[in-house]
There are 2 protein chains.
Amino acid sequence: MGNVSTTSDDILACARSLIVAGGYNGFSYADIADVVGIRKASIHHHFPSKVDLVRTLVARYREEAEAGMANLELQVSDPLEQLQDYAGYWEVCIADASAPFCICALLASELPVLPEEVGLEVRAHFRSLSAWLTSVLERGARLGRFQLMGTPRAEAEAFMATVHGAMLSARAYGDPKIFAVVTRPLLERLAPRSLQIQS
Amino acid sequence: MGNVSTTSDDILACARSLIVAGGYNGFSYADIADVVGIRKASIHHHFPSKVDLVRTLVARYREEAEAGMANLELQVSDPLEQLQDYAGYWEVCIADASAPFCICALLASELPVLPEEVGLEVRAHFRSLSAWLTSVLERGARLGRFQLMGTPRAEAEAFMATVHGAMLSARAYGDPKIFAVVTRPLLERLAPRSLQIQS
DNA sequence: CGCTACCTACCTTCTGGTAGGATGGCAGTC
DNA sequence: GACTGCCATCCTACCAGAAGGTAGGTAGCG
């Protein structure tokens, strides 16, 4: 299982953290070269253009997200717990500053100036995340686990929007705790109190 | 009252729409020069540096926002209506694509790479908006107009985050309607149904 | 006269990207 | 095992254009 971190992986990881910090136009090949300890031109060997790099990066991010959702479907049966785990994942990422922002959420804010190929990947993530949340909420409602005020789809969009907004607020305030302040009540509201299980 | 649009105002207006589209690093003096019909160097006469330009821009934006909140305090007595008007303002901006994003929300996403002076203005907007929303929710709760599940502060943060996230989703889906889909139920949930007034 | 607004011309640094060469490992084959 | 060709990786050196910004000048106006 030796995953010995290839250069190309290093480049992707570095680019990811740079994008999390400042978006598509917030970093350059020179920045990556400095961090990875390689020459600028060598990056072009792995990723001919910046668009190639970022498209690959977002595609991989999407795969990971997709895998994460699939994993929650397999490992966790309770819909409320699935949402708690999803929110909890980000809570940790933000708290330890390891990846304090969803790169697709960040890139979406720059969508109008994004290369089209990158934009397509970003939009696809929104659709896929929304679809999963919708299915979780729909199942939770069917099981009587959730008390929805609108359609599962509408609640899913609201949930996603609130999580993204909470990331933004945590960044604006420079305070990771604000993420939980916003998302915790979101989960509490979905499930009737009598059915709550503290994890 | 003849506000005959000075060049400096044109520059600010142009920069604003460029920032709305792509953030701080998403535009250049050359872009502004093209649109305003002026030479690059002439922009430096009005705003010596890019930081000056954007700081001024955000400061003015904050003044407008502050004025908008003050106006809602004067013109609208009902707390629910105040929030409806606030959300409705953005609903229109997004629908007609005149300014489909709050520049402070957008800039906040790039905070780590923003010049410090700009970052300070952006953070200040978050604090001021949050404070106003808190006061509205607090008053609404006192008047029995709102049924809050958490503290006014926590509900205010959740409200703000959801509005920001809804802007992001509207952009990601390329569909203005999603903003209302997310924010309308947000308002409906705050006020007990018996007290709702359809505007 | 002095000031504002704008200009042309220029500078430096950074940008993404290219050309072409050195190194080194790995297959094939004699 | 030695020789050979090939390919992946990384390099130096370079490029054109865009970035933000400066120097210095001109036109108009109170």
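Reckoned from all heavy atoms, side chains included, excluding hydrogens, waters and symmetry mates. Order of the sequence lines fixes the chain letters, A, B, ..., with proteins taken first and strands second; residue numbering starts at 1 for each chain.
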Do B/Thr7 and B/Asp10 have side-chain N/O donor and acceptor atoms under 3.5 Å apart?
no

B/Glu121 and salt bridge (Lys or Arg N to Asp or Glu O under 4.0 Å): which partner among B/Arg127, B/Arg62, B/Arg55?
B/Arg62

Can you confirm whether B/Leu186 sits close enough to A/Thr162 that some side-chain heavy atom of one is under 4.5 Å from a side-chain heavy atom of the other?
no

Strictly below 4.0 Å, heavy-atom distances to any atom of DNA chain D: list the hits from residues 43-59 of chain A, or just say none.
A/His45, A/His46

Below 4.0 angstrom from OP1 or OP2 of D/dC10, is there any side-chain N or O of A/Thr7?
yes

Tabulate protein N/O versus nucleotide N/O from nucleotides 11-13 of chain C, keeping only pairs under 3.5 Å, one per line.
none

Are any non-hydrogen side-chain atoms of B/Phe47 and B/Leu57 less than 4.5 angstrom apart?
no

Heavy-atom neighbours of B/Glu73 CD exceed 12 at 6.0 Å
yes

Answer yes or no: is there a side-chain heavy-atom contact under 4.5 Å between B/His125 and B/Val58?
no

Can you give me the closest heavy-atom contact between A/Phe146 and A/Val136, atom names plus distance?
CE1-O, 3.9 Å

Give me the residues of residues 18-35 of chain B where at least one heavy atom lies under 4.0 Å from an atom of DNA chain D, by number, or none.
B/Phe27, B/Ser28, B/Tyr29, B/Ala30

Are A/Leu106 and A/Val51 connected in a single hydrophobic cluster, I mean Ile/Leu/Val/Met/Phe/Trp/Tyr linked by side-chain heavy atoms less than 4.5 Å apart?
yes

Would a single hydrophobic cluster contain both A/Val92 and A/Met167, if residues Ile, Leu, Val, Met, Phe, Trp and Tyr are joined by side-chain heavy-atom contacts under 4.5 Å?
no

Can you name the closest pair of heavy atoms from A/Ala166 and A/Phe179 and give their distance?
CB-CD1, 3.5 Å

